[in-house]
2 protein chains.
Amino acid sequence: MDLRELEIFLTLAELKHFGRASQACNLSPSALTRTIQRMEEKLEQPLFLRDNRTVTLSPAGERLKAYARLCLNEWQSLRSSIRNEQAVTGSLSIYASITAVYSLLPELLESFRERYPEVQLELRTGAAEQAVAQVQSGEIDLAVAAFPDGTRPNIEFLPIVTIPLIFIAPRVAGAAEVPVPGDRLDLSRAPLVLPQTGLSRRRLDQWLKEHRITPNITSEVSGNEAIIAMVRLGCGVGIVPQLVLERSPFRDEVVVLQDAPVLKPYQVGLCTSKRNLQRASVKAFWQLAEERSMAA
Amino acid sequence: MDLRELEIFLTLAELKHFGRASQACNLSPSALTRTIQRMEEKLEQPLFLRDNRTVTLSPAGERLKAYARLCLNEWQSLRSSIRNEQAVTGSLSIYASITAVYSLLPELLESFRERYPEVQLELRTGAAEQAVAQVQSGEIDLAVAAFPDGTRPNIEFLPIVTIPLIFIAPRVAGAAEVPVPGDRLDLSRAPLVLPQTGLSRRRLDQWLKEHRITPNITSEVSGNEAIIAMVRLGCGVGIVPQLVLERSPFRDEVVVLQDAPVLKPYQVGLCTSKRNLQRASVKAFWQLAEERSMAA
DNA sequence: CGCCTTCATTGCGTTACACGCAACACAATA
DNA sequence: TATTGTGTTGCGTGTAACGCAATGAAGGCG
């Protein structure tokens with residue numbers, strides 16, 4: 001039994017006139033007759049008692065009338081509740097590093113807020129490394145994350161910016177062998193301040209492996225900000241994404257080594273699960289970001 | 001939105017597995033996929049969140065699930081209530097003359113009662129002449145009536161028996177010119193006891209008109225039983241359906257005139273309106289009578 | 001690492017079915 | 001008797017739902 005059929009039936013039940021009902025339903029008289037006949041066959045029971053003069057509802061028709069009203073009303077309320085739900089209770093949790101919150105996200109969040117003011121936004125900051133894991137666990141809807149090298153199953157990425165990985169040195173040489181600006185960076189000799197894990201570490205390790213160089217690692221820390229702090233103190237040469245350096249309060253107290261190996265740059269963008277991408281709020285954010293990166 | 005679609009949706013919502021759900025619905029996987037896609041398009045909202053591993057309900061899907069359950073449950077209850085209604089509350093009112101109640105109806109009622117014991121029967125007796133009017137007014141569902149000569153609009157007839165119209169005379173001649181058994185009946189001379197109106201009167205009038213005979217009408221009464229009573233008293237020659245005479249307590253006190261005009265016989269049968277014929281109980285009685293007259 | 005299995009989806013040809021048009025049946029009306 | 005109003009039926013047509021086969025994507029396993 002179809003909702004359209006119920007609607008047609010109800011119209012006829014109220015008008016009690018095939019001609020007028022068919023007109024009211026934008027239907028040919030024959031189509032109306034057949035629709036009612038189909039319904040009567042399905043119920044194995046006449047719904048209307050007709051003679052050539054009048055049309056009246058049978059007892060079964062009265063029952064069906066109540067049913068039809070129920071179904072159609074509930075359908076209306078379902079539709080509106082789904083629409084409202086889409087707008088009002090749409091929520092979106094975003095995970096990002098502090099750097100991202102200050103650099104990439106502001107303009108995105110602003111235009112999203114403008115276009116979809118009804119979506120409840122939740123913003124969580126944390127280590128950039130954990131972004132993908134947060135998304136995979138379902139803890140979070142959307143994250144700003146660096147592209148992992150390999151593609152992950154059921155995870156979608158949308159690149160937004162490409163950020164070079166740069167080598168930084170203290171403005172004033174501290175320990176021995178720490179290069180000063182203008183020197184050529186010799187990775188086999190220079191003392192290095194590196195993250196324990198993470199994408200930039202893997203990029204460097206790969207480069208070193210390709211060039212068969214054994215590095216001189218002074219200290220391993222976690223977090224790009226920590227690297228900048230260590231470098232500033234003169235501990236050695238560090239490697240950070242350019243964007244992080246630009247946002248750092250210590251940016252003037254370290255120098256960028258221009259004559260250094262060029263590592264494959266960071267790809268930073270949005271990250272979510274395939275499943276989340278089907279939710280209205282997530283999809284909206286995603287498409288907004290796509291538009292902006294198209295325009296750029 | 002179709003009930004079948006809702007059923008399919010519910011199955012998938014419970015199994016959360018396209019393959020198994022399609023099997024459970026006797027459907028190909030592709031058909032299931034498309035069915036869900038259609039529903040999602042109609043609602044402009046995803047119902048399931050899928051990745052290559054799992055299928056889960058979206059918020060909109062949860063709402064639809066509640067709706068689907070409501071519709072399907074109500075549909076079941078509608079079907080069963082309609083079936084029960086058909087059997088239990090089916091009522092049938094029958095109008096018949098006293099003669100019919102004693103002659104035609106007993107066997108019909110008996111087998112009807114046997115086959116459809118749940119139908120509430122109501123039996124009303126009255127003048128045979130009013131049977132059709134009772135049906136037309138909707139006062140009564142079904143009547144045992146004589147065929148009117150012309151067909152009536154929106155009224156159906158089912159002939160059951162053919163009953164000759166016979167001329168009767170008193171066993172012992174009373175008034176002058178009243179014929180005795182064996183005489184040839186001369187309608188221009190014999191005193192007649194006729195019904196004021198009714199089918200038998202019309203039949204006789206027609207015959208007289210065709211033969212250009214002016215009758216000698218002694219008295220006009222109403223009701224066949226009255227005719228028999230008058231004839232018995234010797235008032236004249238009467239005309240009654242054979243069946244009425246057979247059932248009359250005075251049947252031995254009048255005689256049938258064999259050598260008399262042959263009038264077109266009475267056709268007695270069931271009578272109902274087209275509209276009533278669509279009701280289950282009426283239809284059942286009608287079909288029962290059809291079967292019996294077939295067999296006879 | 002490569003092959004196979006499991007799932008959902010998509011392309012495509014086929015079929016069923018709902019529709020509109022026209023003709024019809026039946027009754028009321030002039 | 002002709003005409004109008006009303007519901008139904010015959011028939012040709014187009015859409016849309018289906019099944020089959022191929023595809024894409026991810027997990028399992030030797």
Side-chain angles (χ1 to χ4, degrees), chain A residues 1-9 11-13 15-42 46-58 61 136 148 150-157 273-275 277-278, chain B residues 1-9 11-13 15-42 46-58 61 132 135-136 148 150-157 273-275 277-278:
Chain A
M1 197 60 60
D2 188 85
L3 281 183
R4 170 78 180 146
E5 287 178 327
L6 291 180
E7 210 174 339
I8 291 170
F9 166 82
T11 306
L12 179 59
L15 296 181
K16 298 187 191 308
H17 190 285
F18 277 80
R20 282 189 279 277
S22 71
Q23 216 165 349
C25 296
N26 297 321
L27 219 60
S28 71
S30 66
L32 174 58
T33 292
R34 298 212 149 97
T35 301
I36 300 299
Q37 284 174 342
R38 278 196 300 275
M39 296 176 79
E40 288 175 331
E41 277 170 26
K42 278 182 216 159
L47 296 171
F48 293 95
L49 306 180
R50 322 110 150 106
D51 58 26
N52 299 45
R53 204 82 213 117
T54 45
V55 175
T56 56
L57 272 171
S58 76
Q136 274 181 319
T151 166
R152 305 292 180 88
N154 290 323
I155 293 289
E156 295 283 331
F157 284 94
S273 64
K274 278 189 183 173
R275 187 193 284 129
L277 197 50
Q278 297 169 63
Chain B
M1 197 60 59
D2 188 84
L3 280 184
R4 171 77 179 147
E5 286 179 326
L6 291 180
E7 209 173 341
I8 291 170
F9 166 81
T11 307
L12 179 59
L15 296 181
K16 297 187 191 306
H17 191 285
F18 276 79
R20 282 190 280 278
S22 71
Q23 217 164 350
C25 296
N26 298 320
L27 219 59
S28 71
S30 66
L32 174 58
T33 291
R34 284 178 220 261
T35 301
I36 300 299
Q37 284 174 342
R38 277 197 300 276
M39 296 176 79
E40 289 175 331
E41 277 170 27
K42 278 181 216 162
L47 296 172
F48 293 95
L49 305 179
R50 320 105 147 114
D51 58 27
N52 298 45
R53 205 81 213 117
T54 46
V55 175
T56 56
L57 273 171
S58 76
V132 176
V135 166
Q136 274 182 320
T151 167
R152 304 293 180 90
N154 291 322
I155 293 288
E156 294 285 328
F157 285 94
S273 64
K274 279 188 183 174
R275 188 193 283 130
L277 197 48
Q278 297 169 60

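Each chain gets a letter, A, B and so on, in the order its sequence line appears, and its residues count up from 1.
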### Nearest heavy-atom neighbours spanning L57(A) and A13(A)
CD1-CB, 4.0 Å
### Message
How many whole angstroms separate atom CG of L15(B) from atom C1' of dT6(C)?
### Response
17 Å
### Query
What salt bridge (charged side-chain N to carboxylate O under 4.0 Å, His left out) pairs are there with at least one residue in residues 25-35 of chain A, not counting sequence neighbours?
none
#### Entry: nucleotides 23-30 of chain C: protein proximity per nucleotide (B base, S sugar-phosphate only, - neither; heavy atom, under 4.0 Å)
---BSS--
### Message
Expressed as a whole number of angstroms, how long is the span from Q23(B):CD to dA8(C):C1'?
### Response
15 Å
#### Entry: Heavy-atom pair of closest approach, residues F9(A) and I36(A)
CA-CD1, 4.3 Å
### Query
Between atom NZ in K16(A) and atom P in dG7(D), what is the gap in whole Å?
13 Å
## Note on the structure
In whole angstroms, the gap separating C1' of dT9(C) from CG of L49(B) amounts to 17 Å
#### Entry: By ring-ring contact (aromatic ring centres under 6.0 Å, His included) - contacts of F18(B) (at least two apart)
none
### Query
Are any of H17(A)'s side-chain N or O atoms less than 4.0 Å away from OP1 or OP2 of dG5(D)?
no
### Task
Check side chain to side chain donor-acceptor pair (under 3.5 Å) between T11(A) and all other residues, then give those that pass, not counting sequence neighbours.
none
### Task
Round to a whole Å and report the spacing from CZ of R20(B) to P of dC7(C).
6 Å
#### Entry: R275(A) CZ to dT9(C) P, straight-line distance once rounded to whole Å
13 Å
### Task
To the nearest Å, give me how far apart CG (D51(A)) and P (dT6(D)) are.
13 Å
### Message
The criterion is side chain to side chain donor-acceptor pair (under 3.5 Å); which residues satisfy it with D51(B), sequence neighbours excluded?
### Response
T54(B)
### Message
Protein within reach of the bases, or only the backbone? For nucleotides 8-20 of chain D, mark each nucleotide 5' to 3' as B, S or -, using heavy atoms under 4.0 Å.
### Response
BBBB-----SSBB
### Query
Got a sec, which residues hit ring-ring contact (aromatic ring centres under 6.0 Å, His included) with F157(A), two or more places apart in sequence or on another chain?
F147(A)
### Task
Applying side-chain contact (heavy atoms from CB on, under 4.5 Å), name anything that partners Q23(B), two or more places apart in sequence or on another chain.
none
### Task
Just jot down the salt bridge (Lys or Arg N to Asp or Glu O under 4.0 Å) partners of R38(B), sequence neighbours excluded, or say none.
E5(B)
